[in-house]
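Accompanying notes for the structure given below.
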Amino acid sequence: VDIVTTRYPDDDIPPCLGDWVAEQKANEKLTALAHWHEFLTKTARFARLLEKTEESDRLQSHADRVREAFCKRYVPGNVGYDGLGRVGDGKQGEQLFALYHKLLSDDDIPFAIEWLKDDLCSRGCALNVGLFATQYLFEVLSAADDAELAGQVVLHQGYPGYLFMLERGATTLWEVWHCSKGLDSHCHPMLGSVEQWFMRYVLGIRVCEDAVGCDRVVIDPHPVCGLTSASGWFDTPKGRIEVAWKVEDGRLNVKKILPEGVLDVNDIALRTKDATCRISAYGARVTSLVLGGSETLWMPDRDLHRPGKWRHGGIPLCWPWFGWREVYPGQECIHGFAHEREFTVRSLRETGDVSELVLGFSRKGQFDLEVSFRLTDRLEIICKTANAGKVPMPYVSAFHPYLLVGDFERIRVFDGEGKEPCDLRRDPLDDEVQLGAGDFSYCVDDPVRCRRIVLCSSKADRCNIWN
């Protein structure tokens, strides 16, 4: 780092091979600067892991300056506001280098992704990128909730593409997209990142970025392009992870085997002698809560819904807005964005009487969101928001539990004093009733299931109920 910084103090990194063997090669100075940012960011992370805090901060500050320089040079104006989404000349590789290396602002990312998708669709789902951006393409599209489009790129039958090789008798991957006359290898791993995509998104085994020895993974299969089943395994230092899935009657059924010491953060189990709870780090959502031997929450059968839109069921978190369009205008989803973000596991502790899980989601210089779950004979959830920026940050945090009941027409709701603040049997369906604010408790009486579910809240601005 010091050698390169001394030689290029203005971060004017010279071009190198860049996105090798691309049909439409990205600007080589753009790709060199993106790789310089990646190198600085990774080295800063290594320093942080080695507890060299000052060195890590110095390197990360340098990476942040490179990010600003990249946007100044290659992002015309502000793509989030001129509606273009173009990076550099708008080539696929240029979009992908900016997106994969997280060089764009949060406002600009959706526009840049749309530019990329539009370009792909205009070419009949044909890629024109090379060594690096092929990997970036599958990862960026799938992480942006479009593994389906990534699958269509894989299945593109024309040139360039993988089926183009197969149609010409290839039994191994070529070094280049075209059929060379012996000048290039016909057995080469350079474009083999599609195999990584098969494992990470089609089969659905992804190792978390904060994992140590593959101790944390995400199991999340994607049945793309009409695929109805897949099975496979991934060997880790802790043992073999096995996944098999099948689509039956429109439902995705997944079977998995995890070795001891490996946690699926999409399905974290908390247990005590009196209760069981399951939580997904994707959105910090409670997906199951068994109290007194019976399920408390309603969750739909696992369907083929993909992230990107509001999903009903369990106890999702609404943050940083909830129907607050006057503060966050132009948002399609009224439930915020936390419910479709991957949280990291900050701590997990289990004893016989208490199980505790802490999940976190943060953006440097903006905010830190922490959600704590404490299971005893009941479930307690605490949401903490910290402003890590220099300006005020308006926000709303809300829990949105979906309760499983026996017969809706026989349900009654009581407040802490035994009074009925509303009559769900009388009010119109899909009606919203505002019950109260501050510290309160409400009891849902369910005679069919012979139980009462008590919900208590503190420091709440309001409590609403939908029937």
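There is no side-chain donor-acceptor pair under 3.5 Å between Thr53 and Arg48. Checked by atom type, the side-chain pair Trp245/Ser231 shows no donor-acceptor distance below 3.5 Å. Ser280 and Asn266 share a donor-acceptor pair across their side chains, judged by distance under 3.5 Å alone. There is a side-chain donor-acceptor pair under 3.5 Å between Ser288 and Glu295.
Taking each heavy atom of Ala126 and His156 in turn, the nearest pair found is CB-NE2, 3.4 Å. In terms of heavy-atom proximity, Ile334 sits nearest to Trp321 at O-CD1, 3.4 Å. Nearest approach of Trp197 to Ala147, heavy atoms of both residues: CZ2-O, 3.6 Å. Nearest heavy-atom pair, Leu141 versus Leu120, reported as atom, atom and distance to 0.1 Å: CD1-CD1, 3.9 Å. For the residue pair Val154 and Tyr162, the shortest heavy atom distance occurs at O-CB, 4.1 Å. Nearest heavy-atom pair, Val254 versus Pro221, reported as atom, atom and distance to 0.1 Å: CG2-CG, 4.0 Å.
For Thr296 (side chain) and Leu289 (main-chain N/O), a donor-acceptor pair under 3.5 Å exists by modelled atom type. Listed for the Arg378 side chain is no donor-acceptor partner under 3.5 Å among the backbone atoms of Leu291. Under the 3.5 Å distance criterion, the side-chain polar atoms of Arg67 are matched with a main-chain donor or acceptor of Leu104. With hydrogens and angles disregarded, no donor-acceptor distance shorter than 3.5 Å links the side chain of His222 to the backbone of Val202. Counting only distance, with no hydrogens or angles, the side chain of Gln95 and the backbone of Gly85 share a donor-acceptor pair below 3.5 Å. The main-chain N or O of Ser193 is never found under 3.5 Å from a side-chain atom of Gln135 such that the two would form a donor-acceptor pair. A donor-acceptor pair is defined here as one N or O able to donate and one able to accept, closer than 3.5 Å; such a pair exists between the side chain of Trp115 and the backbone of Gly90. At least one donor-acceptor pair closer than 3.5 Å links the side chain of Asp264 to the backbone N or O of Ile219. In this structure, the side chain of Glu350 does not engage the main chain of Leu270 through any donor-acceptor pair within 3.5 Å. Without hydrogens or angle criteria, Gln60 side chain to Ser56 main chain gives no donor-acceptor distance under 3.5 Å.
Using a 4.5 Å heavy-atom threshold, the side chains of Val87 and Leu30 count as touching. The side-chain heavy atoms of Pro110 and Ile113, taken from C-beta on, include no pair separated by under 4.5 Å. Contact check for Leu317 versus Val371: side-chain heavy atoms found under the 4.5 Å cut-off. A 4.5 Å side-chain heavy-atom check between Thr272 and Asp377 finds every atom pair outside the cut-off. Considering only heavy atoms from C-beta on, Cys225 comes within 4.5 Å of Gln152 through its side chain. Proximity of Cys277 to Val286: side-chain heavy atoms (C-beta onward) are separated by under 4.5 Å at one or more points. Looking only at side-chain heavy atoms (C-beta outward), Leu227 and Val247 stay at 4.5 Å or farther from each other. Contact of the Thr344 side chain with the Cys208 side chain is not registered, since no non-hydrogen atoms from C-beta on lie closer than 4.5 Å.
Put simply, CG on Leu359 and CZ on Arg341 are 15.5 Å apart, with the number rounded to the nearest 0.5 Å. A distance of 11.5 Å separates CZ in Phe361 from OG1 in Thr385, rounded to the nearest 0.5 Å. With rounding to the nearest 0.5 angstrom, the NE2 atom of His62 is 11.5 Å from the CZ atom of Phe39. If you take OH on Tyr74 and CG on Leu103, they are separated by 11.0 Å, rounding to the nearest 0.5 Å.
The environment of CD in Glu248 is crowded: more than 12 heavy-atom neighbours from other residues, nucleotides or ligands sit within 6.0 Å.
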Pair Arg374-Leu379, side-chain contact (heavy atoms from CB on, under 4.5 Å): steps then yes or no: CA-CA 6 Å; Arg374 187 174 189 270; Leu379 176 64; over 6 Å; no
Derivation of the side-chain contact (heavy atoms from CB on, under 4.5 Å) call for Ile411 and Asp445: CA-CA 6 Å; Ile411 293 299; Asp445 186 81; over 6 Å; no
Test side chain to side chain donor-acceptor pair (under 3.5 Å) applied to Arg349 and Ser355, step by step: CA-CA 6 Å; Arg349 185 176 68 88; Ser355 289; over 6 Å; no
Working for salt bridge (Lys or Arg N to Asp or Glu O under 4.0 Å), residues Asp106 and Arg363: CA-CA 10 Å; Asp106 293 336; Arg363 287 180 180 165; 2.8 Å; yes
Verdict with reasoning, Arg206 to Glu342, per salt bridge (Lys or Arg N to Asp or Glu O under 4.0 Å): CA-CA 12 Å; Arg206 302 201 303 275; Glu342 288 192 9; 3.0 Å; yes
Worked check of side-chain contact (heavy atoms from CB on, under 4.5 Å) between Ile279 and Thr287: CA-CA 6 Å; Ile279 300 163; Thr287 58; over 6 Å; no
Full working for side-chain contact (heavy atoms from CB on, under 4.5 Å) between Val345 and Val265: CA-CA 8 Å; Val345 179; Val265 300; 3.8 Å; yes
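Using a 4.0 Å cut-off between charged side-chain N and carboxylate O, Glu242 and Lys256 make no salt bridge. A salt bridge is absent between Arg449 and Asp407: the closest approach of a Lys/Arg side-chain nitrogen to an acidic carboxylate oxygen does not fall below 4.0 angstrom. Taking 4.0 Å as the cut-off between side-chain N and carboxylate O, Arg452 and Asp446 do not count as a salt-bridged pair. The pair Lys42-Glu38 meets the salt-bridge criterion, since a charged nitrogen lies less than 4.0 angstrom from a carboxylate oxygen. At a threshold of 4.0 Å, the pair Asp11-Arg65 does not count as salt-bridged, since none of the basic side-chain nitrogens sits closer than that to a carboxylate oxygen. Between Asp64 and Lys364, at least one side-chain nitrogen of the basic residue sits less than 4.0 Å from a carboxylate oxygen of the acidic one, meeting the salt-bridge criterion. The existence of a salt bridge linking Glu139 and Arg200 is confirmed by a sub-4.0 Å separation between a basic side-chain nitrogen and an acidic carboxylate oxygen. In summary, Lys238 and Asp215 do not engage in a salt bridge, as defined by a charged side-chain N under 4.0 Å from a carboxylate O. A salt bridge links Arg346 with Asp368: the closest approach of a Lys/Arg side-chain nitrogen to an acidic carboxylate oxygen falls below 4.0 angstrom. Between Glu209 and Arg216, none of the side-chain N atoms (NZ, or NE/NH1/NH2) sits under 4.0 Å from a carboxylate O, so this pair counts as no salt bridge. A salt bridge does not link Lys459 to Asp439: none of the charged nitrogens lies less than 4.0 Å from a carboxylate oxygen.
Using the six-membered ring where Trp is involved, Phe367 and Phe337 have ring planes that are tilted, between 30° and 60° apart.
Between His101 and Trp36, a ring centre-to-centre spacing not shorter than 6.0 Å is recorded. Less than 6.0 angstrom separates the ring centroid of Phe132 from the ring centroid of His35.
Partners of His312 according to the side chain to side chain contact (heavy atoms under 4.5 Å, CB included) rule, which considers only residues two or more places apart in sequence or in another chain, are Trp298, Trp310, Tyr402. Looking at residues two or more places apart in sequence or on another chain, you find a ring pair (Phe, Tyr, Trp, His ring centres under 6.0 Å) between Tyr100 and Tyr136.
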